Amino acid sequence: MIKKTIGPLILIVLILTSSGCAFKKPTLNSAKVQVSNSSALLVDILPSPKLSHTPQDKRINTPPRYIPVLYYHSIMREANNEVRMPPEQFEAQIVYLHDQGYQSITLNQLYQSLYQRGALPEKPFVITFDDGYEDNYQTAYPLLKKYGYTATVFMISGYINEKGFLTWPQLNELADNGWDIADHTRDHSYLTKLSPLKVLSELESSKKALEKGLGHSVDYFAYPYGDLDNTVVQAVKKAGYLMAFTTLRGWADSNTNAYHVHRVYCYATMGMKEFIHRLQNPNY
């Protein structure tokens with residue numbers, strides 16, 4: 001009996017000690033935000049049992065579309081923190097994308113392509129950054145601009161202008177230069193632990209703050225910690241978002257509900273071989 005249980009136990013331990021988009025406190029402004037280091041690879045590996053997965057595109061004889069949506073957090077060097085990707089490693093990934101002919105697209109283009117059959121360039125992909133760290137502007141922005149790419153910041157609206165995070169002038173400059181500024185809640189709460197009314201308040205107040213500061217609508221959302229259930233999804237819809245992003249592994253897929261969009265986790269210890277593997281395999 002013991003031998004039969006050892007294998008599954010080892011697998012569970014390995015998964016739980018991996019990392020992704022749940023948070024550990026960084027040295028940067030550590031009293032306020034936490035950076036992923038412990039449990040997100042669990043949702044990077046396994047689909048959530050809390051969700052009903054309803055295909056979005058049911059048209060007959062319409063082939064599904066698959067588009068890689070890469071997600072990062074911070075582009076800086078910090079030992080033993082896998083969501084702080086060293087700038088030289090990030091640039092190596094961007095150089096690969098550029099040399100292979102990939103073209104970055106906006107969230108509007110992604111939405112229109114997946115759910116309205118809009119046109120796309122030959123090798124489309126999306127770059128996203130969760131939380132809104134200042135290095136997204138200081139390091140990632142000029143590097144991506146060098147190679148002709150734009151990206152999306154999923155911004156925690158309550159952290160704008162706080163130490164270590166993006167400011168309103170930086171966010172507006174990014175938006176003026178083709179970046180999407182999307183929502184990641186006001187306080188980065190575990191939404192499934194809040195009451196339905198509190199979830200809706202968190203979403204609506206954050207959306208309103210971002211729209212006021214940016215001067216345009218904010219239509220896209222990413223779930224903090226990848227934490228969601230059907231109640232949260234319904235609140236996201238009610239708040240007025242068109243599409244929402246999880247931490248579930250895989251490419252964005254036109255057969256997946258627009259509020260369950262999958263992404264490709266990119267982390268400091270992945271190596272170029274794994275990066276290329278995830279770019280070439282929709283169901284890696």
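As the structure is a prediction and not an experimental result, all values here were calculated from the model.
Residues Val264 and Tyr284 meet the side-chain proximity criterion, which asks for heavy atoms closer than 4.5 Å. Using a 4.5 Å heavy-atom cutoff, the side chains of Trp168 and Leu171 are in contact. Side-chain contact check for Tyr220 versus Asn108: some heavy-atom pair is nearer than 4.5 Å. Proximity of Val126 to Leu107: side-chain heavy atoms (C-beta onward) are separated by under 4.5 Å at one or more points. Leu228 is listed as a side-chain neighbour of Thr246, based on a closest heavy-atom distance under 4.5 Å. Proximity of Tyr137 to Phe165: side-chain heavy atoms (C-beta onward) are nowhere separated by under 4.5 Å. Side chains of Met272 and Gln93 form a contact here, defined as non-hydrogen atoms less than 4.5 Å apart. Contact annotation: the side chain of Met85 approaches that of Cys266 to within less than 4.5 Å [non-hydrogen atoms, C-beta and beyond].
Proximity of a side-chain donor or acceptor of Lys207 to a complementary backbone N or O of Asp183 within less than 3.5 Å is not detected. A donor-acceptor pair under 3.5 Å is absent between the side-chain atoms of Lys238 and the main chain of Leu200, judged by distance alone. At least one donor-acceptor pair under 3.5 Å links the side chain of Asn172 to the backbone N or O of Gly213. Judged by distance alone, the side chain of Asn281 and the main-chain N or O of Asn283 form no donor-acceptor pair under 3.5 Å. Between the side chain of Ser205 and the backbone N or O of Ser201, at least one donor-acceptor pair lies under 3.5 Å. A donor-acceptor pair under 3.5 Å links the side-chain atoms of Asn136 to the main chain of His73, judged by distance alone. Asp135 places no side-chain N or O within 3.5 Å of a backbone atom of Ser74 that could act as its donor or acceptor partner. In terms of modelled atom types and a separation under 3.5 Å, the side chain of Thr256 and the main chain of Val261 share no donor-acceptor contact. Listed for the Asp180 side chain is no donor-acceptor partner under 3.5 Å among the backbone atoms of Ala182.
Contacts of Tyr102 classified as side-chain hydrogen bond (donor to acceptor under 3.5 Å, both in side chains), with partners at least two apart in sequence or in another chain: none. Scored by the side-chain hydrogen bond (donor to acceptor under 3.5 Å, both in side chains) test, Glu274 finds Arg278 as partners (sequence neighbours excluded). Looking at residues two or more places apart in sequence or on another chain, you find a side chain to side chain contact (heavy atoms under 4.5 Å, CB included) between Gln109 and Ile105, Thr106, Leu120. Shown here are the ring-ring contact (aromatic ring centres under 6.0 Å, His included) partners of Phe221, two or more places apart in sequence or in another chain: Tyr223, Tyr241. Scanning for salt bridge (Lys or Arg N to Asp or Glu O under 4.0 Å) contacts around Lys146 gives Glu91, with sequence neighbours left out. When the salt bridge (Lys or Arg N to Asp or Glu O under 4.0 Å) test is applied to Arg65, no partner is found at least two apart in sequence or on another chain. Partners of Pro87 under the side chain to side chain contact (heavy atoms under 4.5 Å, CB included) rule, at least two apart in sequence or in another chain, are Ile75, Thr139. Taking Phe275 as the reference, nothing meets the ring-ring contact (aromatic ring centres under 6.0 Å, His included) condition, with sequence neighbours excluded. Take Ser157 and apply the side-chain hydrogen bond (donor to acceptor under 3.5 Å, both in side chains) test, not counting sequence neighbours, and it matches Ser206. In this structure, the side-chain hydrogen bond (donor to acceptor under 3.5 Å, both in side chains) partners of Thr167, at least two apart in sequence or on a different chain, are Gln170. For Ile94, the side chain to side chain contact (heavy atoms under 4.5 Å, CB included) test picks out Phe90, Leu97, Ile127, Leu143, Leu144, Tyr147, Tyr149, with sequence neighbours left out.
No hydrogens or angles considered: a donor-acceptor pair under 3.5 Å links the side chains of Thr128 and Arg263. Inspection of the Thr192 and Asp227 side chains reveals an N or O donor paired with an N or O acceptor under 3.5 Å. With no hydrogens or angles considered, no side-chain donor-acceptor pair links Asp219 and Tyr111 at under 3.5 Å. When only modelled atom types and interatomic distance are considered, Tyr133 and Gln138 share no side-chain donor-acceptor pair under 3.5 Å. Asp253 and His262 form no side-chain donor-acceptor contact under 3.5 Å, judged by distance and modelled atom types alone.
Residue pairs meeting the salt bridge (Lys or Arg N to Asp or Glu O under 4.0 Å) criterion with at least one member in residues 185-204, sequence neighbours excluded: Arg186-Glu202.
For the pair Val218 and Glu211, the tightest heavy-atom approach, listed with the atom from each and the gap, is N-OE2, 2.9 Å. Minimum heavy-atom separation, Ser104 to Gly148: OG-O, 4.3 Å. Scanning all heavy atoms of the two residues, the minimum distance from Pro224 to Ser189 falls at CB-O, 3.6 Å.
Here the straight-line distance linking atom CG of Leu174 with atom CG of Leu166 works out to 6.5 Å at 0.5 Å rounding. In this structure, the separation between CD on Glu134 and CG on Asn161 is 11.5 Å, given to the nearest 0.5 Å. Distance check: Gln112 CD to Met243 CE gives 9.5 Å after rounding to the nearest 0.5 Å. In this structure, CG on Leu210 lies 5.0 Å from CD1 on Ile160, to the nearest 0.5 angstrom. Expressed to the nearest 0.5 Å, how far OH of Tyr259 lies from NZ of Lys237 amounts to 6.5 Å.
The aromatic rings of Tyr141 and Trp179 sit perpendicular, their planes meeting at an angle over 60°, well past the 30° parallel limit.
Phe129 and Phe154 have their aromatic ring centers separated by at least 6.0 angstrom. Between His260 and Phe245, the ring center distance fails the sub-6.0 Å criterion.
Atom CD of Gln280 has more than 12 neighbouring heavy atoms from other residues, nucleotides or ligands inside a 6.0 Å radius.
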Hey, mind stepping through Leu114 and Ile67 against side chain to side chain contact (heavy atoms under 4.5 Å, CB included) and telling me if it holds? CA-CA 9 Å; Leu114 293 180; Ile67 299 169; 4.2 Å; yes

